[in-house]
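Just the heavy atoms: all of them, side chains too, but no hydrogens, waters or symmetry mates, feed the values below. Chain identifiers are assigned alphabetically (A, B, ...) following the order of the sequence lines, protein sequences preceding nucleic acid strands; residue numbering begins at 1 within each chain.
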There are 2 protein chains.
Amino acid sequence: MSETKPTQASGESGSPDSESMPREEQFVDFLARQGLKLTRQRRAVVNEIFSDAGHFEAEELVERLKGHRTRVSRATVYRTLELLRECRLVEKLDFGTQRSYYEHVSPSEHHDHLICIRCGNVIEFHNEALETLQKEICGNFGFQESYHSLRIFGHCSKCAQTIH
Amino acid sequence: MSETKPTQASGESGSPDSESMPREEQFVDFLARQGLKLTRQRRAVVNEIFSDAGHFEAEELVERLKGHRTRVSRATVYRTLELLRECRLVEKLDFGTQRSYYEHVSPSEHHDHLICIRCGNVIEFHNEALETLQKEICGNFGFQESYHSLRIFGHCSKCAQTIH
DNA sequence: TTCGGTGCAAACTCTTTGCACGACG
DNA sequence: CGTCGTGCAAAGAGTTTGCACCGAA
């Protein structure tokens, strides 16, 4: 038996500042190390991303940022997402649609996805046995894993009932 | 210990007709059931895809088809790929580049991917324990799996040695 | 003051689509 | 023969980029 726990970030509205601070600091460090600048726009993007624990698409982020004091152009959003990817604070996903999905990464809390192909709902989960097994497989091939992505597509419990 | 076996289709040049026939028949059936026509172009696309056991991108397929007697336009390639996806003979993958990758599906031989982020090489593998564990996880969530995709990104044995 | 950053709009890439002609069933 | 399919070229969608001005360090 495997101990699988959902890691889904469900409906929050509080201010997870204590959570998001270390991430912004990581980004600041990264920028400093690369001789890059911490601009108002970059700060806005990072704050917006880490103020919510879900997945998002580039366009959605552009929209969300319209609520900010600092205006951030679409180009800057894409450019910043690329930087965040470089310093591994953000990952690019693919759920089968044409647009890219992103999600922020918490180094310690990796998770995989169950994606409902009917209602589009995404369930996150984490399973240690699965992680272990994957490491073992990589070992067999002398493959040095950097990261992985497991997406299981199908019908969630609600939708499965409606199919008959 | 898990029995993991590579399923990589490495360097073939023979004529796998006996293998590809049943697939074309499946497609013919599908077309017939839907009241669709089996055109020269569709046949060319299917033959080309199943004459090789690798992954391919749409553009690459367009190129490969230029060697055929029958000319097939880019539009038709995309349209046929969509049909092949509908009848589950082809799957669309995403290896992190902007273009889509496709691969043909053999219902009985599912596999996952190790993708080298340095040289781009893709290793296919299959591991029963992994499959079992995933089914178990789905069960925990009352999730009804249709298909899944596991991609492990990192460095292949060759590239890992060159890093130091 | 000095580079790197930003916004804008145009460019790009991959994919989809409207239309008139062509060919499978 | 009647549709469905095809090729073409143009349109879309998402993302990237060149350039001149702007601002963090």
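- Within residues 59-71 of chain A, no residue has any heavy atom closer than 4.0 Å to DNA chain D.
- For B/R151 and A/Y147, the positive end is not near the middle of the six-membered ring at less than 6.0 Å and at most 45° from its axis.
- With D/dT6, C/dG7, D/dG23 as the candidates, the nucleotide lying closest to the side chain of A/K37 is D/dG23.
- In this structure the side chain of A/L89 never reaches within 4.5 angstrom of the side chain of A/H104, judged on heavy atoms.
- Between the CG atom of B/L81 and the C1' atom of C/dT16 there is a distance of 13 Å, given to the nearest Å.
- The distance between the ring centers of A/Y101 and A/H55 does not fall below 6.0 angstrom.
- Judged purely by distance below 3.5 Å, without hydrogens or angles, the side chains of A/R42 and A/T80 never pair a donor atom with an acceptor atom.
- Ring planes of A/H110 and A/H148: perpendicular class, angle over 60° (limits at 30 and 60°).
- Counting to the nearest Å, the P atom of C/dG25 and the CG atom of B/L31 are 9 Å from each other.
- We find that CD of B/Q34 is positioned 19 Å from P of D/dT3, with the value rounded to whole Å.
- Taking atom CZ on B/R99 and atom C1' on D/dG14, their separation rounds to 16 Å, with Å as the unit.
- Residue A/S100 places none of its side-chain N or O atoms closer than 4.0 Å to OP1 or OP2 of D/dG14.
- A donor-acceptor contact under 3.5 Å is not formed by the side chain of A/R74 with the base of D/dG14.
- Sparse packing is recorded around CZ of A/R74, with 12 or fewer heavy atoms of other residues, nucleotides or ligands lying under 6.0 Å away.
- For the pair B/R79 and A/L83, nearest-nucleotide mapping onto DNA chain C gives the more 5' position to A/L83.
- With 3.5 Å as the limit, one finds no donor-acceptor pair spanning the side chains of A/H68 and A/Q41.
- Across all strands shown, A/R40 has heavy atoms under 4.0 Å from sugar-phosphate atoms exclusively, and none from any base.
- Across all strands shown, A/R42 has heavy atoms under 4.0 Å from sugar-phosphate atoms exclusively, and none from any base.
- If you measure from atom CZ of A/F30 to atom P of C/dG5, you get 11 Å, rounded to the nearest angstrom.
- Under the 30°/60° scheme for interplanar angles, the aromatic rings of B/F30 and B/F27 are found to lie parallel.
- The separation between A/E82 atom CD and C/dG5 atom P is 14 Å, rounded to whole Å.
- Between the P atom of C/dG25 and the CG atom of B/L36 lies a distance of 10 Å, rounded to the nearest Å.
- Out of D/dG7, C/dT15, D/dT15, the shortest distance to the side chain of A/Y78 is found at D/dT15.
- Dashed line: the shortest gap from a side-chain N or O of B/Q41 to OP1 or OP2 of C/dC24 is not under 4.0 Å.
- Proximity note for B/T39 (side chain, C-beta onward) versus C/dT6, C/dG5, D/dG5: the nearest is D/dG5.
- Rounding to whole angstrom units, CZ of residue B/R43 and P of C/dA23 are separated by 14 Å.
- With DNA chain C read from its 5' end, the first of the two nearest nucleotides for A/S73 and B/A58 is the one closest to A/S73.
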